[in-house]
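Heads up: the structure comes next, in structure tokens.
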Amino acid sequence: MLTIDNLHANAGDKAILKGISLTVNAGEVHAIMGPNGSGKSTLAQVIAGHPGFEVTKGSITYVGQDLLEMDPEVRAQQGVFLAFQYPVEIPGVTNAYFLRSAYNELRKAHGKEEMDPMEFLDLMEQKLKVVDMDPAMLQRSVNAGFSGGEKKRNEILQMAVLEPKLAILDETDSGLDIDALRVVAGGVNALKRPDNATIVVTHYQRLLNHIVPDFVHVLAGGKIVKSGGKELALELEAKGYDWLVGTA
Amino acid sequence: MSSSIETLVNKEYQYGFVTDVDSDTLPPGLNEDVVRLISSKKNEPEWLLEWRLKAYKRWLTMTEPHWPNVKYAPINYQGARYYSAPKSVKPLQSLDEVDPELLSTYKKLGISLTEQKMLSGVAVDAIFDSVSVGTTMKEELSKHGVVFCSFSEAVHNHPELIQQYLGSVVPYSDNFFAALNSAVFSDGSFCYIPKGVRCPLELSTYFRINAAETGQFERTLIVADEGAHVSYLEGCTAPKRSTNQLHAAVVELVALDRSTIKYSTVQNWYAGDKEGVGGIYNFVTKRGKAHADAKISWTQVETGSAITWKYPSVILLGDNSVGEFYSVAVVNNKQQADTGTKMIHIGKNTKSTIISKGISAGEGQNSYRGRVQILPKAEGARNYTQCDSMLIGNTCGAHTFPYIEVANNSSTTEHEASTSKIGEDQIFYCKARGLSAEHAISLIVSGFCREVFKELPMEFALEAQQLLGITLEGSVG
Amino acid sequence: MNAPAATRYAEAFGQLDTAAAPPWLAALRTAALAEFNALGFPTTRNEDWHFTSVTPIADRTFRNATSTGAPTAAEILALTVGDASWPRAVFVNGQCDPTLSTLGALTTAGVRVSTLTAAIKDTPEFVADHLGKLATFSAQAFTAFNTAFAQDGLVVHVPRSLVVDLPLHIIHVADAQAAGCMLHPRLLVVAEPLSQFNIVESFVSLNGTEYFTNAVAEISVGDGARLHHHKVQRESTEAFHVGTVQVSQGRNSLFHSFSYASGAALSRTNIYTRLLGEAAETRLNGLYLVDGTQHADHQTWVEHIAPSCASRELYKGILDGHAHGVFNGKVFVDPEAQKTDGKQSNHVLLLSPTARVDAKPQLEIFADDVKCTHGSTVGRLDELALFYMKSRGIGDENSRALLTYAFAADVLETVELDALRNGLERIAFERFTHSTQL
């Protein structure tokens, strides 16, 4: 589904990603771990098309297409979803309106009719249950005045509505208490299907108790320094990153 | 400018057509004879002519104000025409007699002057150049004792009301443009809601400038008697012309005890082209006087005009009276707007709220200018002001000039202001959810203006949102 | 109707001792006088003076101050706040008194401090390079007036990379001999790159006489330098005070201004700063406490000219009696000043029904990538808080005093010099509680 080959990316003049290669197949869950500043979030944002980063070398192929050629909105319409580490506030725009706009863009991109507000409300009712969210949240402005946990839950709600092929969760666990973490992980697991894939970017192993990865990759200094199975995460939890970072 | 905000081709002003009607137009220039001629064309009583002449004489002694934060070439007051009327307009018995060319103009503007408006519950007075071409729904209104007609008709049919209230809120000596308007105003709308009546329809006036080189000087007077309630809408368009045209209107609102007047404007005069050629100079005086327990609420969406200079204000005269001002002002290309409000707290426990949203794009310059005055006797007065500016692109400007004058210590005033650019992170977030940049910006801007849009009557809110999109198109990509 | 200022002050200008002035200074003074004559005193039609009428100043004709009553150091120090051991320069009725001044410790530390008169003689090029260059007098009547008439002042030069903890206390004293006189003190501060220094300027009066202080300070803060300027204006309540502080800031520099004003019948303080170098930071704080028929006006202008600069402003006013407070804060953002981060707050407490305040917090923004906010509130003491305190057994007067003091406390906390902060806290506390217990 996703093939990243020798990816290099800069923020301004600073090289952040220095040759990343990674293949993700449908049905798989990949965890990207690593210390702060290793480039984990940059990788997530480059896949989503953040304009703050410049790809200097390498390629990303997504379902047979050159992902780097696509605008961020086209990537989204093609099924790439980034759950933001810091979800953005949009004052005055209700969550419901925002979600419906996004959902209809997706439908339009696939040649389907737009969904009317009433029908959409029915759909939302089901989706809200996935993340155990109060329907009142739909009438509040997008992320404005949300608590950290509410924002993360809201990201998973959007994911539930948009049903992406490739979901990237960028530090979705940071700032969550254990109950919120369970809800968020439960939501992600409920959305898992054999034909989609998930990349979980995280600093801690904690989330991976709930979203069990098939592969774990350790990023340090802009490169993948070690890959393994889910047991690698436990090893990192016990030993920290230092023993790996030295090899970077 | 950032990569995601790039210039697209400007969408054309869609109301820029000219209607071909036979007009009765005075030659350019202004003198006492022109004032007399306007008055006689309208068959006005002597007292009104005298009032006009006093205003004209006063105007001669005044100088054009230059304190607003706007720049424009000097106006040649002798070069403008002060009266233009479609020839066919005689006292109309029914709307069937209106020139079909005019009716089709209003149809193009999306305003139906025929009684089918009944369904939507809006009564419309349409002002074409200087005169009213027809008022709808009169019968329905008269059942409730509501008077809604052109100003000229009111002068003849309700002289006692006009004599009592004309100039009572905005005296002819108030300012340069108000004096000019008082001398040469040709028509406008008048509306009176009797005691205790809640006006059953939304009242609406559509203003249209058609003739070239014509100034438009209409005058609106709304009187809500004790306990009455009215909602009034005003819309404006003009054809595209390469010369600037002057629009100097006066609006007076009188809200007697316990009454409510809600006045909403969507101003979309021609703004000139991208190079700043042509467009309307919109120099308007709007003010209301709120008596005890009365409420006056101004809502405006200003997207048009080359230059806007207006400060819809409320004199909070009576105890417990309430004044509100909700405004969205958008400037793009070379547009300039200096707009805001004055809230003058005189009575006890008076309350005012000001919410102003300014959006600047292109080379537009947007200024908020507001004055909150709490006079010594205004015990317990309260004001809350919020004024936010959004900048799109790096060649525009946003300016805030609030004046806060407090002379009573039991009062409370709060003022907050912020300026920010449209957020790159917000745009990326929307894009990452599949929205185009243009869609994202229209969404973010609507969100920014939401507190004002929700004050508009439903149909206007939609229109306003669309106008905003059109005005900003081309500034963002 | 008075004769124009030009005629009335021609004689006083002629009396000035200008023999020792080098030609460039004589030319500067003549040009400044011409500008002052052309402008006259500002009227309320001038937008910058809209809320403050200087008619009481314009209607009087002040004389040059020529003598002093020779006050003692003890008399003067009793009037000032801060640490009595701080190095000080004392000006009595506008003239520096070397016998009252103690500058030794600063000289030892490497700071060059001298009177304007001495500096013109000893380092003429340095003075010529800087004097009147920041505080330009075009369209500024009071700065022009000062430039024409300033006879003495202080020149402070902090060399590159010099970090001095010990502050300089400049004390301007007016005594009985100042009655009817005008005082035009001048301060020039050049803080070279990477230096750090603290200045306290106090304006005090030994007698309740009527005089006019028209002070001008020009301060250049070099790249990476940090300068704190504190102004404590406690003039006689009969006096008039106009004070202008004009600052320019280099890259990564910090300028912190604190302005305390409780004196004068009519006072106007202008704090103008220009952020010329990238990533400079400016902090402007102030507290004004006036009552009776006093009028206190603060005007701040922050000009963001370079990108990525930050400005933080907090002003508080407490007005009693028939006092009139004015605050006009302008934040100007140049088209080049992207990434500007400006915050301004102005809060006023009206203690009496007859006090009044006019505020104009103004933003003028010509760049798009900026964050600017301002907030302004006017009100009286929180009734609920008062009730809460009373319900805990604290009397009405005490409750009011404590809440009033609390209102002022956060802005006083921005003063970093301990002795000055403690001193100001003490006088504010005494003023409201009529008690000396803090």
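Only this structure's heavy atoms are used, side chains among them; waters, hydrogens and symmetry mates stay out. Protein chains get the first letters and strands the later ones, always in sequence-line order, with residue 1 at the start of each.
In this structure, chain C has a heavy atom under 4.5 Å from the side chain of B:Gln365, while its backbone stays farther away. For a residue to count as touching a neighbouring chain, one of its non-hydrogen atoms must lie under 4.5 Å from one of that chain's; by this rule C:Leu351 touches chain B with the backbone only. Contact annotation for C:Pro335: neither backbone nor side-chain heavy atoms come within less than 4.5 Å of a heavy atom of chain B. With a 4.5 Å cut-off on non-hydrogen atoms, B:Arg382 does not touch chain C at all. C:His347 does not touch chain B: none of its heavy atoms, backbone or side chain, sits under 4.5 Å away. Within the 4.5 angstrom heavy-atom criterion, atoms from both the backbone and the side chain of B:Ser420 approach chain C. For chain C, no part of B:Pro376 is nearby; none of its heavy atoms comes within less than 4.5 Å. Only the backbone of C:Ser352 has a heavy atom closer than 4.5 Å to any heavy atom of chain B.
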Can you list the steps and then say if C:Leu350 with B:Val406 is a side-chain contact (heavy atoms from CB on, under 4.5 Å)? CA-CA 9 Å; C:Leu350 298 178; B:Val406 181; 3.7 Å; yes
Check the pair C:His374, B:Glu416 against side-chain contact (heavy atoms from CB on, under 4.5 Å), reporting the backbone distance first and the verdict last. CA-CA 6 Å; C:His374 65 72; B:Glu416 291 173 33; over 6 Å; no
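Taking C:Arg380, C:Glu383, C:Arg356 one by one and counting their heavy-atom pairs under 4.5 Å with chain B, the maximum is reached by C:Arg380. If you tally non-hydrogen atom pairs under 4.5 Å between each of C:Ala359, C:Gly375, C:Ala367 and chain B, the highest count goes to C:Ala359. Note: B:Ala398 leads B:Ala407, B:Gly397, B:Ser411, B:Ala398 in heavy-atom pairs under 4.5 Å with chain C. Counting heavy-atom pairs closer than 4.5 Å to chain C, the top-ranked of the candidates B:Thr385, B:Asn69, B:Leu391, B:Asn409 is B:Asn409. Of the listed residues (C:Asn346, C:Thr373, C:Leu363, C:Thr377), the one with the most heavy-atom contacts under 4.5 Å to chain B is C:Leu363. Heavy-atom pairs under 4.5 Å with chain C peak, among B:His399, B:Arg371, B:Met390, at B:His399. Chosen from B:Ser418, B:Pro402, B:Cys396, the residue pairing most often with chain C at heavy-atom distances under 4.5 Å is B:Pro402. Your options are B:Glu379, B:Glu405, B:Glu414, and the one with the most heavy-atom pairs under 4.5 Å with chain C is B:Glu405. Counting heavy-atom pairs closer than 4.5 Å to chain B, the top-ranked of the candidates C:Gln344, C:Lys330, C:Lys360 is C:Lys360.
The environment of NE2 in B:His439 is crowded: more than 12 heavy-atom neighbours from other residues, nucleotides or ligands sit within 6.0 Å. For C:Glu47, the CD atom sits in a packed shell: over 12 heavy atoms of surrounding residues, nucleotides or ligands are nearer than 6.0 Å. Residue-environment remark: NZ (B:Lys351) stays at or below the threshold of 12 foreign heavy atoms within 6.0 Å.
Here the CG-CD1 distance, from B:Asn366 to C:Ile365, works out to 11.5 Å after rounding to the nearest 0.5 Å. Put simply, CD on C:Gln338 and CG on B:Asn394 are 5.5 Å apart, with the number rounded to the nearest 0.5 Å.
Relative orientation of the B:Tyr403 and C:Phe51 rings is perpendicular, given thresholds of 30° and 60° on the angle between their planes.
Put simply, the side chain of B:Ile404 does not reach to within 4.5 Å of the side chain of C:Asp358, judged on heavy atoms.
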